[in-house]
Number of protein chains: 2
Amino acid sequence: MPADRAPTRIQKKNRAAILEAALDVFSSHGFRGSTVDQIAKAAGLSKPNLLYYFPSKEAIFNELMAGLLDTWLDPLRALDPEGEPLEEILAYVQRKLQMSRDFPRESRLYANEIVQGAPRLHDVIASDLNVLVEEKAQLLQGWMDAGRINRAHPKHLLFSIWSLTQHYADFDAQVRTLMRDEDPFDAAPQYLETLYRRMLTPKT
Amino acid sequence: MPADRAPTRIQKKNRAAILEAALDVFSSHGFRGSTVDQIAKAAGLSKPNLLYYFPSKEAIFNELMAGLLDTWLDPLRALDPEGEPLEEILAYVQRKLQMSRDFPRESRLYANEIVQGAPRLHDVIASDLNVLVEEKAQLLQGWMDAGRINRAHPKHLLFSIWSLTQHYADFDAQVRTLMRDEDPFDAAPQYLETLYRRMLTPKT
DNA sequence: CGTGAGTTTGACCAGTTGGTCAAATCAAAG
DNA sequence: CTTTGATTTGACCAACTGGTCAAACTCACG
């Protein structure tokens with residue numbers, strides 16, 4: 001295993017290649033469905049060589065997940081209490097949709113985990129994510145109380161945003177099959193903007 | 001394997017137990033992540049005994065899927081061209097939400113498959129589901145053209161209904177963790193009704 | 001009871017998988 | 001060029017997995 005020093009050029013390159021390959025493999029077969037050999041081959045390494053950089057399959061997975069979660073929550077963190085409520089929410093929806101378009105593998109990796117009961121993620125969800133959600137739910141509730149957006153259960157509102165946006169990444173196979181030639185991401189931004197605008201624009 | 005006659009009492013009982021157990025195991029670990037032994041144990045049988053009733057792990061999975069798909073599409077089939085548009089859609093949403101509450105394992109089994117690229121489902125989606133979706137999208141479009149509901153991309157409208165309702169089953173682990181003691185299904189029906197009512201009620 | 005079909009199981013097998021290890025190869029600093 | 005640590009690999013292992021099979025057991029029915 002690499003010593004406890006500054007990573008060499010080769011270490012950097014190979015660890016990055018492994019994580020990239022692992023994202024590909026894990027996101028399309030799940031943890032249990034993926035083999036170390038698959039990942040190694042996808043990274044252009046032999047299996048023992050891969051295990052020279054990571055102590056185990058699970059270690060690769062964990063590092064991938066840790067890196068993912070931060071990026072994943074950023075759009076929600078960016079929801080600005082000082083902004084115009086409706087525009088903030090619409091912008092959040094679009095950021096999230098953009099992530100589904102640009103990082104579908106990350107979305108599916110996450111989905112895979114949650115669908116299977118989030119065995120490896122329960123702690124992070126119960127702590128970090130929970131704090132963030134409570135905070136932002138408060139913010140939304142405040143906006144509603146002030147009459148700046150229509151009333152709706154704030155947590156369910158957040159769930160619906162996650163659900164609607166990630167659907168395009170997680171159920172990509174289904175969505176694309178049913179849309180034939182049309183690219184789902186052509187009409188999705190417009191559709192979601194309309195949906196949330198109609199739902200949340202306060203009745204004058 | 002059982003002869004090609006009417007199933008005996010024991011055959012009925014054991015095949016049912018196996019399918020029930022398989023639903024449990026497959027839906028929480030995916031196909032690849034599940035072992036025949038797990039299913040057998042959950043069904044109260046030995047592995048060879050289980051394989052006396054089904055020729056292979058894949059056969060169990062396929063029978064499960066075949067049975068599932070019909071039930072799964074029923075709510076959409078029930079969307080009635082003769083009904084009042086908005087009420088029809090809202091009823092569909094509630095039926096779908098009810099299914100997420102009553103059959104979360106079925107939903108997760110389906111989700112597991114789609115997230116991983118729908119390798120075993122692509123054909124059904126491209127044929128049966130596609131036909132149904134085209135038909136119902138037409139219906140929705142007709143309602144919009146007649147001004148009976150607001151305009152929105154009909155396919156994206158369907159996707160959003162699936163996404164929002166199934167989310168409560170598929171992401172159950174996350175939703176429940178973030179809702180603490182409150183049952184998500186308490187507020188969900190109201191939330192979704194409000195959402196689609198505000199979105200689709202035609203501007204007078 | 002006896003008998004034949006239906007049911008169950010322990011033992012087994014071959015292929016796969018995560019992971020190890022010693023030996024070989026490579027890279028770079030002196 | 002040499003040396004030393006970093007990198008790579010072929011061979012290997014033990015555990016697991018899907019599936020087989022012959023032998024044993026159970027059950028319904030005459």
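Model, not experiment: these values are computed from the prediction. Heavy-atom basis, side chains included; hydrogens, waters and symmetry copies ignored.
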A.B. asks: Just to be sure I understand the rule, does A/I10 reach a base, reach only the sugar-phosphate, or reach nothing, if contact means heavy atoms closer than 4.0 Å?
C.D. replies: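 Result for A/I10 = sugar-phosphate.
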A.B. asks: Side chain of B/V36 only, please: which of C/dG19, D/dG10, D/dG18 is the nearest?
C.D. replies: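 So the nucleotide nearest the side chain must be D/dG18.
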A.B. asks: Rounding to an integer number of Å, can you tell me how far A/Q11 CD sits from D/dG5 C1'?
C.D. replies: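 It is 11 Å, rounded to the nearest whole Å.
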A.B. asks: Closest-nucleotide mapping onto DNA chain C: is B/G44 or B/K47 further toward the 5' terminus? I mean the 5' end.
C.D. replies: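 Between the two, 5'-proximity favours B/G44.
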A.B. asks: In whole angstroms, how far is the P atom of C/dG6 from the NZ atom of B/K12?
C.D. replies: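 Taking atom P of C/dG6 as the reference, NZ of B/K12 is at 16 Å.
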A.B. asks: Under 3.5 Å, is there any donor-acceptor pair linking the side chain of A/K57 to the base of C/dG19?
C.D. replies: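 No pair found.
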A.B. asks: Distance check needed: C/dG19 P versus A/Q38 CD, whole Å only.
C.D. replies: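 So the CD-P distance, A/Q38 to C/dG19, works out to 14 Å.
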A.B. asks: What's the closest nucleotide to the B/N49 side chain, out of C/dT7, D/dA11, D/dT7?
C.D. replies: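 Comparing C/dT7, D/dA11, D/dT7 against the side chain of B/N49, the answer is C/dT7.
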A.B. asks: OP1 or OP2 of D/dC27 versus the side-chain N and O atoms of B/R9: is any pair under 4.0 Å?
C.D. replies: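 Result: no.
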A.B. asks: So, A/Q141 and A/D145: side-chain donor and acceptor under 3.5 Å apart, yes or no?
C.D. replies: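 Side-chain D/A pair, A/Q141 to A/D145: present.
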A.B. asks: By nearest atom, which of the nucleotides C/dG19, D/dG19, D/dG10 is closest to the A/L51 side chain?
C.D. replies: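 That would be C/dG19.
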A.B. asks: Within the structure, does a side-chain N or O atom of B/R32 lie under 4.0 Å from either OP1 or OP2 of C/dT17?
C.D. replies: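 Yes, B/R32 has a side-chain N/O under 4.0 Å of OP1/OP2 on C/dT17.
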A.B. asks: From the options D/dA11, C/dT17, D/dG18, select the nucleotide whose nearest atom is closest to the side chain of B/T35.
C.D. replies: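 Among the listed nucleotides, the one closest to the side chain of B/T35 is D/dG18.
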A.B. asks: For this output row, return yes or no: ring centroids of A/Y168 and B/H156 closer than 6.0 angstrom.
C.D. replies: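 Between A/Y168 and B/H156, the centre distance is under 6.0 Å.
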A.B. asks: Nearest whole angstrom, please: distance from the P of D/dT20 to the CZ of B/F54.
C.D. replies: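 My rounded result for the distance is 15 Å.
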A.B. asks: From the set D/dC16, D/dT7, D/dT9, return the single nucleotide nearest to any side-chain atom of A/T8.
C.D. replies: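 Closest nucleotide among those given: D/dT7.
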A.B. asks: Among D/dT8, C/dT8, C/dA11, find the nucleotide with the atom closest to the side chain of B/Y52.
C.D. replies: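 The closest nucleotide is C/dT8.
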A.B. asks: Could you tell me how far apart B/D37 (CG) and C/dT9 (P) are, to the nearest whole angstrom?
C.D. replies: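 In whole Å, C/dT9 P and B/D37 CG are 12 Å from each other.
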A.B. asks: Check whether any side-chain heavy atom of A/N112 lies under 4.5 Å from a side-chain heavy atom of A/F31, and answer yes or no.
C.D. replies: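 They are not in contact (no side-chain heavy atoms under 4.5 Å apart), so the answer is no.
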A.B. asks: Could you tell me how far apart B/R15 (CZ) and C/dT8 (C1') are, to the nearest whole angstrom?
C.D. replies: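 Going from B/R15 (CZ) to C/dT8 (C1'), I get 17 Å.
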A.B. asks: Under 4.0 Å: is that the gap between some side-chain N or O of B/S56 and OP1 or OP2 of D/dG18?
C.D. replies: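 So the side chain of B/S56 is outside the cut-off, no N or O lying under 4.0 Å from OP1 or OP2 of D/dG18.
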A.B. asks: Are any non-hydrogen side-chain atoms of A/I60 and A/V36 less than 4.5 angstrom apart?
C.D. replies: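 A/I60 does not reach A/V36 side chain to side chain.
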A.B. asks: Round to the nearest Å and state the distance from B/I39 atom CD1 to D/dG19 atom P.
C.D. replies: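 Distance, rounded to whole Å: 10 Å.
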A.B. asks: Whole-Å distance between C/dC26 C1' and A/N14 CG?
C.D. replies: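 From A/N14 CG to C/dC26 C1': 13 Å.
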A.B. asks: Do you see a donor-acceptor pair shorter than 3.5 Å between the side chains of B/H167 and B/Q174?
C.D. replies: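 Result is no, nothing qualifies.
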